[in-house]
Asks: 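Sharing a structure here in C-alpha cells format.
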Amino acid sequence: FMDQSKAVNNFNGNALLEARYNLGKIDSYVYFNDLDSALISALNAFSVSNHIKNMELLSESLFYIGYINKLQKNYPNAI
C-alpha cells in the first residue's frame, strides 16, 4: 500500500504526503536494521520538509537523522 501511496503522490505532486511517506518508512527500516535506507528516507523527508517549510516535519526529520546516526555509532553526526 505504501508503494501505491507513493505512485498517487507522484501523480499529484503532494510534497507534504511525500515527506510523511518517507518518515513513515523509517521505523520499518530501523526494525529490520536497514539503517542506511532509514537514513536515506530521513534525509529525503528533511529535504522535502525544508522545501515546503513545514517546521513540524522538518523537526521530526532532524530527530530521525540524529537517532539513526546514533544507532550507527556515528556520534559526531548524531549531535
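Just so you know, these numbers come straight off a predicted model, no measurement behind them. When reading the values below, keep in mind they use all heavy atoms of this one structure, side chains included, and skip hydrogens, waters and symmetry mates.
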Asks: Can you get from I40 to L57 by hopping between Ile, Leu, Val, Met, Phe, Trp and Tyr side chains that sit under 4.5 Å apart?
Replies: no
Asks: Nearest 0.5 Å, please: how far is CG in N77 from CD1 in I68?
Replies: 12.0 Å
Asks: Test question: given the 4.5 Å side-chain rule for I, L, V, M, F, W and Y, name all other residues clustered with F32, or answer none.
Replies: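 Grouped by the 4.5 Å side-chain rule, Y31 form the rest of the cluster around F32.
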Asks: Which atom names give the shortest non-hydrogen contact between A19 and S49, and what distance separates them?
Replies: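 In this case the closest contact between A19 and S49 is CB-OG, 3.7 Å.
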Asks: I'd like to know if the side chain of N50 reaches the main chain of F46, judged simply by a donor and an acceptor atom lying under 3.5 Å from each other, with no hydrogens or angles considered.
Replies: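 Not confirmed, N50 side chain does not pair with F46 backbone.
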Asks: I need the L23 CG to S41 OG distance, nearest 0.5 Å.
Replies: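 With rounding to 0.5 Å, CG (L23) is 8.5 Å from OG (S41).
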Asks: State plainly whether one hydrophobic cluster holds both Y64 and V48, where clusters connect Ile, Leu, Val, Met, Phe, Trp and Tyr through side-chain heavy atoms under 4.5 angstrom apart.
Replies: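 No.
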Asks: Judged by modelled atom types alone, do N44 and E18 share a side-chain donor-acceptor pair under 3.5 Å?
Replies: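 No pair is found: no donor N or O on one side chain lies under 3.5 Å from an acceptor on the other.
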Asks: Roughly how far, to the nearest 0.5 Å, is the CD atom of E56 from the CG atom of L16?
Replies: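 Going from CG on L16 over to CD on E56, the span is 9.5 Å.
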Asks: In this structure, would L58 and Y67 fall into the same cluster of hydrophobic residues linked by side-chain contacts under 4.5 Å?
Replies: yes
Asks: L39 and L62: same hydrophobic cluster, using ILVMFWY side-chain contacts below 4.5 Å?
Replies: yes
Asks: Do Y29 and Y21 belong together in a cluster built from hydrophobic side chains that touch within less than 4.5 Å?
Replies: no
Asks: State the CD-CD1 distance between E60 and I26, to the nearest 0.5 angstrom.
Replies: 7.5 Å
